[in-house]
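Whatever order the structure lists them in is the order used to number ligands and atoms, beginning at 1.
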Amino acid sequence: MRKQIAAANWKMNLTASQAETLATALATGVTHLQAGQQVILGVPFPYLILVQNKIAGNQNLFLSAQNCADKLNGAYTGETSVEMLQSISIPFVIIGHSERREYYHETHSQLATKVDLALAHNIQPIFCCGEPLHIRETNTQNEFVEKQLKESLFHLSNAQMKNFIIAYEPIWAIGTGKTASSGQAQEMHAHIRQVLASQYGIETADTVSILYGGSVKAANASEIFSKPDVDGGLVGGASLVASEFISIIESLKPGA
Ligand code: 13P
């Protein structure tokens, strides 16, 4: 029905030699995935080709960029286009991470443009959503996340939404050591799937992989991934340690 995915987000961490060491450990350590499982590494731009070379022999590992420009090309100093990513065969890109929304003021409409540009270049977005603490405290997280999805994704066609990847990352759980309970994760993931179903129909909604992110580690991954609407995780800190991330991968359910 849908893929179960362990995605790493290395964020702005590691030197080149550390990235090389981690990629080598994953290339040799990530073997024997079960059916329908996938592992994606969200690597800083300067290391994409380096890591690509290191993981070349491992069919289980795929690369993702952590961001892309909302412009196709031209005079945008410091930006990286989807055209560039496509030209070096990067199949995934993280779009709308809360850190980019918060620190770089990315808007719903910019994210919609990035999603369109990525899809037009055969790059699958990993679209992030999730509420800050004050929204959770007023119990309006469902409406908040629904708006994020509607504003940046609901212009997509049914065909584009099939097999899409969404990551639900409550901001209060990112890098804080404070994980959402598996019940809270399931509740929001089920809500996201229901919102998708109301727009695209249940058949399409059932093909979308919804990943949980926020302090996922080896010790809590199995419990979180065991929930029916949690299709894996987007992992920050714990993905920087090969043994931790491999254990998280081993906690995935079989996919389809
Ligand atoms: P942590 O796993 O470090 O909490 O980060 C989660 C995240 O933001 C992944 O994109």
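Atom 5 (O) of ligand 1 has its closest protein heavy atom at K11 NZ, 3.3 Å. Atom 9 (C) of ligand 1 has E169 OE2, 2.8 Å as its closest protein atom, hydrogens excluded (heavy atom only).
Judged by distance alone, the side chains of H105 and Q110 never bring a donor and an acceptor atom under 3.5 Å apart. Of the N and O atoms on the side chains of Q141 and N139, at least one donor lies less than 3.5 Å from an acceptor on the other residue.
Using a distance-only test at 3.5 Å, with no hydrogens or angles considered, no donor-acceptor pair links the side chain of S81 to the main chain of A69.
In terms of polar-atom proximity, G237 is counted as a contact of ligand 1, with an N or O under 3.5 Å from an N or O of the ligand. At under 3.5 Å, a nitrogen or oxygen of N9, whether backbone or side chain, sits near a nitrogen or oxygen of ligand 1.
For the pair G214 and ligand 1, a heavy-atom separation below 4.0 Å is found.
Between the choices A167, G175, G213, G236, the shortest heavy-atom distance to atom 4 (O) of ligand 1 belongs to G175.
At a threshold of 4.0 Å, the pair K71-E79 does not count as salt-bridged, since none of the basic side-chain nitrogens sits closer than that to a carboxylate oxygen.
Among residues two or more places apart in sequence or in another chain, the ring pair (Phe, Tyr, Trp, His ring centres under 6.0 Å) test is passed with F154 by Y200.
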